[in-house]
Chemist: 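Sharing a structure with you now.
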Amino acid sequence: MQTLYLALALFLLVNLGAGMWRIFRGPTAADRMLSAQLFGTTAVAVLLLLAQTKENTALLDVALVFALLAAVTAVAFVRRAWTDQEVDHDSE
Amino acid sequence: MTLTRAKISWRTIVSRMGLFSLIWWVLTNGAGSSWWIGVPAVLLAVAVSIALVPPAPWVWSELLRFVPFFLLRSLIGGVDVAWRAFHPGVPIAPDLCIYPMRLPPGLPQVFMVNTVSLLPGTLSVGLDQSVLKVHVLDSRKDFLAELEAVEQSVARIFGASLEVSEGRE
Amino acid sequence: MLQWALDALLGLGLLWLAWCALMSPNLLKAIVLFVAFGLLMALAWVRLDAPDIALAEAAIGAGLTGALLLAALARLRFAYADEETVGSPAQEEAKVRFPQWLPAVPLLLVVAGLGYVVLSLPPYATGLSTEVTANLESSGVSNPVTAVLLNFRGYDTLLELVVLLVALLGVWSLDGLALGRETAPGPVLDTLSRFLTPVFILVAAYLLWVGAHAPGGAFQAGSVLGAAGVLLLLAGWRFRAGLTELPLRLVLVAGPGAFVIVALVTMLMEGQLLEYSPEQASILILFLETTATFSIGATLAALFFGGRPQDDKEHT
Amino acid sequence: MIPSDYLSVALLIAGAIFFLAGTLGLLRFPDVYTRLHALTKADNVGLGLIVMGLVVQAESWAAVGKLLLIWVLVLLAGASVAHLVARGALQRGIRLWKR
């Protein structure tokens, strides 16, 4: 079982790395923010799995805090940092 | 930010106290010694929630009936979108559609907006004066029936009648 | 084997994210990368068996700092709205006057200093954990981290609280940049903030309680409370004018104030700064942590708000 | 392994597959609206399955409650944020992709 938890956590991390492509690719600011949302959900899942491997309930609290606060960042983006016109300065 | 001063009944206070106490019990893993801080925390949370969340006439039995429906539909929603993501041809035909809601504004409408975003193939992209804008992943599918079914369930949960409010225009 | 792969991926991912965040010319992208860095960092702390720091990182690093940076970016954009954002004459001039290699000098000095300190450490040291464990009985709590932060080295925490307050004073003394016009939050955000606030309060109280014997404590609880404030501010909530004057300031200084009073009283009674008698330690720490939680929460929310609340005229 | 372990394993692996689907959708779908579909639904179901896989193993009712609480919070936040981002995109005139 331990091996499975670790393997799944590793799988989710690799999956996360693939999702990072969106941060670089864009094209809109919202697309970049979506990656951050992906990070939030995946981090919760990885923490739950790690909590099971370490038998440490404190990690559930970390996951809980993540679950609560991931939304705050996204809302801050939508309400504050999202400019009216979609201009992207970088062309990578 | 208009807050309708609805009458706050003892039933609301007691049920919220019960809910927050349950959350506290869950958080602390049922540690009896935690109520030292738990009781003031729950009271504070109840006070804040009374100030922020207007009491809603939930019909608990309908809410309970809604849960399995919602779980099943959101599971199907996940399967549906996963299938489209895995498929080599990315079989999607997105479109925007307008759905005039008959639900009363406020919590019932928001409840529906959030539910719609988790159901198969639909994502609510706008809510303006009871008109819901829905982005659908596959416009060839019959999503209107689904939206109507959801609206019916939400109306039952909040004890709202769709027929009466139909003549609001 | 799997553990190795996991740790290697985390470590390399962190370095890579840090590099990308630093090198990104697009500030929004840099912030998203920084938030991602915070999330990964929290996972790294978990792998390093430091759940206390993971919790702090989750609350502060991944949650609030992202929101603070995004708000700062919004204000920057608003301030430079009349100029061209990229390559404005003012910016070009600043580039010429300020050689890019200049920051490298103090940075290298710091690296040299740190390197010297690390190299001059004794090769075998047991650290202080044995002493902490030995004295844990008398500290009033059973979580060694809380024992260190609020008892053995309480003055550290006292000064941290003061630093936070000074940061807010710094922000307040700057000329408050008005935010651009704010669109209506919409019923969904409004409902979300109303529903989540009581949950935030419960979780903050829980973190405060659990800090006595497991990872948690005033800073984590305070940032959860601060996040609730940030969410309410984002949903368009503003406190009544009367509350932002004296009451807000009282809450802001309550934490450091209570700490200073306790420090003075203990100095008079026990003869040493922040030296609690074992019988009173537990209740004193709870008192200090509670006031600190409220202060930290209020300070963080006020930091997010930016300028002094009474300067904000455009809101209803 | 006892029978409940097999159930747990199946749920956990299914959850991970949904996370993979969410990322694939995020990478392959053509515009921000369709990507939101993928991310919100697939990841929420993925997390839900992982939570269920761990609930099967949980030792106490409180632990079950905490896992479910985490999931409900992610669901509520995920649905609201998806709506806010999509609404913002529409308000800012980001056009939607059509076949």
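Everything numeric in this text was worked out from a predicted model, so none of it was measured. In what follows, chains carry the letters A, B, and so on, assigned in the order in which the sequence lines appear, proteins first and then strands, with residues in each chain numbered from 1.
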Chemist: Could you look at A/L60 and say if it's the side chain, the backbone, both or neither that has a heavy atom under 4.5 Å from chain D?
Modeler: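 Both parts, heavy atoms under 4.5 Å.
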Chemist: Which bit of D/L20 is near chain A, if near means a heavy-atom gap under 4.5 Å: side chain, backbone, both or neither?
Modeler: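 Answer is both: backbone and side chain atoms of D/L20 are under 4.5 Å from chain A.
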Chemist: From A/T28 OG1 over to D/R92 CZ, what is the distance, rounded to the nearest 0.5 angstrom?
Modeler: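 Spacing of OG1 (A/T28) from CZ (D/R92) equals 10.5 Å.
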Chemist: Who in residues 39-49 of chain D is close to chain A, using a strict under-4.5 Å heavy-atom cut-off?
Modeler: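 Heavy-atom contacts from residues 39-49 of chain D to chain A are D/L39, D/D43, D/L47.
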Chemist: Which atoms form the tightest heavy-atom contact between A/V78 and D/L84, and what is the distance?
Modeler: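 In terms of heavy atoms, the two residues are closest at CG1-O, 3.9 Å.
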Chemist: Hey, what do you get for CG (D/L67) to CD (A/Q52), rounding to the nearest 0.5 Å?
Modeler: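 D/L67 CG to A/Q52 CD: 8.0 Å, rounded to 0.5 Å.
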Chemist: Among D/L54, D/I50, D/L73, single out the residue with the greatest number of heavy-atom pairs under 4.5 Å to chain A.
Modeler: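 Top option by heavy-atom pairs under 4.5 Å: D/L54.
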Chemist: Report yes if the side chains of D/V9 and A/M1 come closer than 4.5 Å at any heavy-atom pair, otherwise no.
Modeler: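 Heavy-atom side-chain distance check passes, below 4.5 Å.
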Chemist: Which bit of D/V81 is near chain A, if near means a heavy-atom gap under 4.5 Å: side chain, backbone, both or neither?
Modeler: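 Answer is side chain: those atoms of D/V81 sit under 4.5 Å from chain A.
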Chemist: Within this structure, what is the CG-CG distance for the pair A/L68 and D/L76, rounded to the nearest 0.5 Å?
Modeler: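 Rounded to the nearest 0.5 Å, the CG-CG separation comes out at 10.0 Å.
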Chemist: Tell me which of these, D/I70, D/V74, D/L69, D/L36, has more heavy-atom pairs under 4.5 Å with chain A than the rest.
Modeler: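 Looking at each of D/I70, D/V74, D/L69, D/L36 in turn, D/I70 comes out on top.
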Chemist: Once rounded to the nearest 0.5 Å, what's the spacing between atom CG of A/L38 and atom CZ of D/R35?
Modeler: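 Here the interatomic distance stands at 13.0 Å.
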Chemist: List the atom of A/R22, the atom of D/F29, and the distance in Å for their closest heavy-atom pair.
Modeler: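 Taking every non-hydrogen atom into account, NH2-O, 4.0 Å.
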Chemist: Side chain from CB out, backbone as N, CA, C, O: work out which of these in A/F66 comes under 4.5 Å of a heavy atom of chain D, or both, or neither.
Modeler: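 Answer is neither: A/F66 stays 4.5 Å or more from chain D.
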Chemist: Counting only heavy atoms not in D/W97, do more than 12 sit closer than 6.0 Å to its CH2 atom?
Modeler: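 Counting neighbours around CH2 of D/W97, more than 12 heavy atoms of other residues, nucleotides or ligands fall under 6.0 Å, so yes.
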Chemist: Contact part of A/M33 toward chain D, heavy-atom cut-off under 4.5 Å: side chain, backbone, both or neither?
Modeler: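 A/M33 has no heavy atom closer than 4.5 Å to chain D.
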Chemist: Hey, mind stepping through A/D61 and D/K66 against side-chain contact (heavy atoms from CB on, under 4.5 Å) and telling me if it holds?
Modeler: CA-CA 9 Å; A/D61 298 341; D/K66 201 180 260 188; 2.7 Å; yes
Chemist: With a 4.5 angstrom heavy-atom cut-off, is it the side chain or the backbone of D/Y33 that approaches chain A, or both, or neither?
Modeler: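 Interface part for D/Y33: neither.
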Chemist: How long is the span from the CZ atom in D/F19 to the CG atom in A/L8, to the nearest 0.5 Å?
Modeler: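 Separation between the atoms: 10.5 Å.
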Chemist: Between chain A and each of D/L24, D/L26, D/L12, count heavy-atom pairs under 4.5 Å; write down the option with the most.
Modeler: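 Highest number of pairs under 4.5 Å: D/L26.
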Chemist: Using non-hydrogen atoms and a 4.5 Å limit, figure out which bit of A/L34 sits close to chain D: side chain, backbone, both or neither.
Modeler: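 Backbone plus side chain of A/L34, per the 4.5 Å heavy-atom cut-off to chain D.
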Chemist: Heavy-atom pairs under 4.5 Å with chain A - which of D/A77, D/G15, D/S8, D/G88 has more of them than the others?
Modeler: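 Looking at each of D/A77, D/G15, D/S8, D/G88 in turn, D/G88 comes out on top.
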Chemist: How long is the span from the CG atom in A/D31 to the CG atom in D/D31, to the nearest 0.5 Å?
Modeler: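 CG of D/D31 is found 8.5 Å from CG of A/D31.
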